[in-house]
Amino acid sequence: MAERVRTHKLSPSIFTISMKGGKERLATLNLSPGISVYGEELISSRGKEYRVWDPFRSKLAAVVLKGIKSFPISAGSNILYLGSASGTTASHVSDIVGESGFVYCVDFAARSMRDFLSNVYQHRENVSPILADARNPENYSHLVGSIDGIYCDVAQPEQAKLLLDNATFFLSLGGWTLLAIKARSIDVARDPSAIFEEELHILRKNGFEIGDSIRLDPFDKAHAMVLSYYEGESSRLQ
Ligand SMILES: C[S@@+](CC[C@H](N)C(=O)[O-])C[C@H]1O[C@@H](n2cnc3c(N)ncnc32)[C@H](O)[C@@H]1O
């Protein structure tokens with residue numbers, strides 16, 4: 001039972017719900033009331049329905065709780081989501097951008113895409129499924145409209161390059177990117193901190209200005225999220 005719903009300081013589209021007993025839960029306003037996407041709890045308060053957003057299931061929720069400096073996704077944003085899987089986080093992004101925004105969801109795993117279709121796409125008009133390899137943006141460029149930012153969570157060794165290839169294709173200068181880095185996808189043996197530094201260097205070298213970089217422990221071990229802004233070739237480090 002919800003006791004009080006407050007807007008989160010990072011965004012008017014994210015909520016903190018105080019539960020009876022004192023627990024606080026992060027949540028988004030449910031764009032498809034009555035539908036739970038991945039078993040998350042639905043909470044009603046004052047005629048509105050919220051979906052609890054679990055930081056152990058969603059890295060984006062984890063960065064909100066860990067205090068990212070600024071949250072670039074807002075109502076009306078158009079977003080390219082790389083690595084949408086079955087739609088756990090993408091569904092919350094769909095709630096946040098709302099009816100006036102749109103989320104283009106790319107994943108190359110057919111099985112996850114099937115779950116995405118039945119759990120997310122079937123109930124929401126602001127998402128589109130794109131079954132494709134995110135390493136080849138030219139293969140899906142005709143399916144993606146104008147975007148404000150790219151959320152990238154593909155757990156690939158060459159994820160910074162993959163992000164750059166998509167940014168060059170789709171993003172205007174100054175557009176934002178959020179990149180989830182899984183150190184173990186890059187090298188299982190090395191110190192995660194050294195790997196994160198290298199990825200930041202690759203981003204800077206390729207024209208991204210770093211806005212924030214956050215470790216996701218304790219929600220996700222050896223993961224980090226990097227917020228950056230694409231400034232293009234002219235700002236590349238030599
Ligand atoms: C960690 S999961 C994503 C979880 C999801 N972002 C969430 O929070 O709900 C990584 C996803 O990236 C996808 N993926 C990995 N490499 C890819 C590629 N080259 N192109 C498209 N999808 C890819 C995988 O199929 C998997 O579904």
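In this text, all values refer to a predicted model and were calculated from it rather than measured experimentally. Order of appearance sets the numbers: ligands from 1, and atoms from 1 within every ligand.
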* Asked: Nearest protein heavy atom to atom 4 (C) of ligand 1, by residue and atom, and its distance?
  -> Asp153 OD2, 3.4 Å
* From His8 NE2 over to Thr16 OG1, what is the distance, rounded to the nearest 0.5 angstrom? -> 4.5 Å
* Starting from atom 8 (O) of ligand 1, which protein heavy atom do you reach first, and at what distance in Å? -> Thr89 OG1, 2.6 Å
* For atom 19 (N) of ligand 1, the protein heavy atom that lies nearest, with its residue and separation -> Asp133 OD1, 2.9 Å
* To do: Return the residue, atom name and 0.1 Å-rounded distance of the protein heavy atom closest to atom 14 (N) of ligand 1.
  => Phe108 CE1, 3.5 Å
* Asked: When you look at Lys20 and Arg4, which way does the side chain to side chain contact (heavy atoms under 4.5 Å, CB included) test go after all the steps?
  -> CA-CA 9 Å; Lys20 284 223 161 77; Arg4 193 153 78 99; over 6 Å; no
* Shortest protein heavy-atom distance from atom 25 (O) of ligand 1, along with the residue and atom involved -> Asp107 OD1, 2.7 Å
* Structure fact -> Rounded to the nearest 0.5 Å, the OH atom of Tyr38 sits from the CZ atom of Arg51 at a distance of 5.5 Å
* Structure fact -> Among non-hydrogen protein atoms, atom 15 (C) of ligand 1 lies closest to Val154 O, 3.0 Å
* To which of Lys59, Gln156, Lys182 does the heavy atom nearest atom 1 (C) of ligand 1 belong? -> Lys59
* Looking only at protein heavy atoms, which one is nearest to atom 3 (C) of ligand 1, and how far off is it? -> Gly83 O, 3.2 Å
* **Taking atom 20 (N) of ligand 1 as the reference point, the nearest protein heavy atom with its distance** => Ala134 N, 2.8 Å
